[in-house]
Number of protein chains: 2
Amino acid sequence: MKYSHQTRILVAVDCIIFGFDGEKLKLLLIQRGIEPEKNKWSLMGGFVEPGESLSLAANNILKKLTGLEGVYLEQLQAFGEVNRDPIERTVSITYFALIDIHKYEKQLSQEYHAEWFEMNKIPELIFDHNEMVEMAKKRLRYKAALHPILFELLPEKFTIPQLQSLYEGIYDSVFDKRNFSRKILSTGLLIKQADKDKLSSKKGAFYYVLDKRKYNANFHAFLNLIPNPDHLQFV
Amino acid sequence: MKYSHQTRILVAVDCIIFGFDGEKLKLLLIQRGIEPEKNKWSLMGGFVEPGESLSLAANNILKKLTGLEGVYLEQLQAFGEVNRDPIERTVSITYFALIDIHKYEKQLSQEYHAEWFEMNKIPELIFDHNEMVEMAKKRLRYKAALHPILFELLPEKFTIPQLQSLYEGIYDSVFDKRNFSRKILSTGLLIKQADKDKLSSKKGAFYYVLDKRKYNANFHAFLNLIPNPDHLQFV
DNA sequence: CCAAAAGTGTTTGGTTTACACCCATGG
DNA sequence: CCATGGGTGTAAACCAAACACTTTTGG
């Protein structure tokens with residue numbers, strides 16, 4: 001049995017993939033190999049196939065491009081303007097992903113001509129993809145101000161100065177390091193390691209790992225991770 | 001030109017419509033007039049038509065059911081499990097709406113057999129609609145803890161005790177009235193009126209109206225409208 | 001030995017909470 | 001005149017922000 005006299009529409013999933021290389025927040029884009037808009041940059045996406053739920057479609061896309069599974073992936077928004085795709089009407093469900101850039105497997109994505117772009121150097125993208133990226137940035141800022149989400153971008157072991165530089169990049173601000181480390185440590189989510197990262201200073205900075213049990217239990221609690229969030233531009 | 005060899009899917013919009021009658025938060029549901037699931041309760045929804053964007057579809061659905069335009073309407077989530085509709089695969093984009101229940105025009109919705117349900121008396125709904133309602137409740141709690149969104153549910157003129165009872169209903173808690181009114185008034189969003197509502201007490205409670213200019217300007221700022229939000233259950 | 005980054009403590013001001021009494025009035 | 005709900009103030013605890021010096025070590 002089917003619903004008759006109803007119009008069926010193409011449904012796509014597009015992924016906004018954020019990565020952090022220890023210095024800067026970046027976005028993974030692909031260069032389209034096919035017409036229309038051949039050679040233009042775009043988000044990685046694909047049509048939803050029969051038998052594939054939306055979240056499965058998003059995970060599949062992410063895996064095809066990066067080789068990664070079990071990544072942080074969250075539904076952002078459905079985009080459904082009638083003419084957003086000039087070829088044929090397509091509703092796109094967007095997901096944003098946070099990945100540790102070092103786990104990204106380059107060879108997989110060469111077939112898609114993928115490249116990481118710094119957030120302030122994002123090229124013109126096809127369709128409404130720039131708008132999607134803007135919305136994802138806002139959502140990330142909003143969410144990271146309240147929840148310890150940015151740990152998803154970091155490697156297993158990381159230092160507090162690295163974490164601070166990630167926050168500073170995302171909010172385009174500079175935070176006081178004494179207040180920052182106090183605030184982060186007071187969440188109780190970090191476990192100090194015995195060894196240090198000596199790459200970026202002579203003294204070296206202690207590594208920390210995330211306490212996964214507490215992280216999962218406390219993820220939805222409101223934290224106050226950003227000073228004066230009121231004046232920042234959110235969703 | 002079209003994308004060939006791709007499967008097109010039914011796309012629906014379903015609306016989770018919240019209303020407040022001065023006492024309790026309620027949800028507007030309709031009783032299906034047609035098979036399948038005839039006579040079962042469901043959210044108001046409809047298929048997205050050609051030439052209709054998602055947000056327009058949501059507004060149209062709301063207008064057909066309630067007669068209202070310009071209502072607060074926000075996209076919630078896309079639901080896309082493969083078998084969520086047993087008749088035929090349908091991706092549903094959900095929107096939640098906040099309306100002043102007194103503006104709702106009953107005669108319009110009689111053709112849909114619509115009824116308001118108290119939040120703790122929601123019947124079993126078709127498909128995954130109960131899940132959609134749960135998500136909308138969580139989103140409302142989450143959002144109302146940070147943004148002055150609940151004014152959308154109130155009539156033009158309202159009293160602080162009314163507002164407090166709305167918050168208390170949503171969070172299933174009791175708040176200290178001194179702290180509550182101080183907090184709300186300190187947002188600067190309320191303008192005190194000269195007249196009083198004398199329906200619910202002998203002394204009467206002063207009416208307030210929303211300062212729309214400040215409301216629109218400050219909507220995205222983080223407020224701290226709920227005491228101890230940490231222990232409440234959110235998204 | 002010194003430049004460069006890591007690490008840490010205190011004071012101050014503001015915000016949040018807990019808490020109790022008086023006010024106005026319709027019946 | 002009294003029961004009912006409306007309205008308000010204060011003190012204590014807590015939290016956030018501003019701020020500067022010491023430590024470590026590779027070169």
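Quick note: numbers below take in every heavy atom, side chains included, and nothing from hydrogens, waters or symmetry partners. Below, read A as the first sequence line, B as the second, and so on, with proteins coming before strands; counting in each chain starts at 1.
In this structure, A:Tyr167 and A:Tyr171 have parallel ring planes: the angle between them is below the 30° cut-off, well short of the 60° mark.
Here the C1' atom of nucleotide C:dC19 and the CZ atom of B:Phe175 are 18 Å apart, to the nearest Å. As a whole-Å value, the separation of B:Phe206 CZ from D:dG5 P is 19 Å. Distance CZ (A:Phe180) to P (C:dA6): 12 Å, rounded to an integer number of Å. Following rounding to the nearest Å, A:Ile184 (CD1) and C:dT8 (P) show an atom-to-atom distance of 15 Å. Remark: C1' of D:dA17 and CG of A:Asn224 are 12 Å apart, rounded to the nearest angstrom. One interatomic measurement links the two molecules: NZ of A:Lys177 to C1' of D:dA16, which rounds to 19 Å at whole-angstrom precision. The interatomic distance linking B:Asn179 (CG) with D:dA11 (P) rounds to 15 Å, in whole Å. Atom CZ of B:Arg182 is separated from atom P of C:dC19 by 14 Å (rounded to the nearest Å).
Defined by atom type and a distance below 3.5 Å, a donor-acceptor pair is present between the side-chain atoms of B:Asp14 and B:Ser92. Neither side chain, B:Glu115 nor B:Gln31, offers a donor N or O lying under 3.5 Å from an acceptor on the other.
The side chain of A:Pro161 lies closest to C:dA6 when the candidates are D:dG6, C:dA6, D:dC19.
Checking the phosphate oxygens (OP1, OP2) of D:dG26, a side-chain nitrogen or oxygen of A:Lys198 falls inside 4.0 Å. Proximity of A:Lys183 to the phosphate of D:dA17: a side-chain N or O atom is located under 4.0 Å from OP1 or OP2.
Checking A:Lys202 against A:Ala205, the closest nucleotide of DNA chain C that is more toward the 5' end is the one next to A:Lys202. Where A:Arg178 and A:Lys196 each meet DNA chain D at their nearest nucleotide, the meeting point lying more 5' is that of A:Arg178.
As judged by a 4.0 angstrom heavy-atom cut-off over every strand, A:Thr159 is placed among residues making no nucleic acid contact.
Interface remark: the A:Lys203 side chain does form a donor-acceptor pair with the D:dT23 base, using a distance-only criterion of under 3.5 Å.
Look at B:Asp195 and B:Lys157 and you find a salt bridge, because one of the NZ, NE, NH1 or NH2 atoms lies within 4.0 Å of a carboxylate O, short of that distance. Of the charged side-chain nitrogens involved, none lies within less than 4.0 Å of a carboxylate oxygen, so that A:Arg84 and A:Glu81 do not count as a salt-bridged pair.
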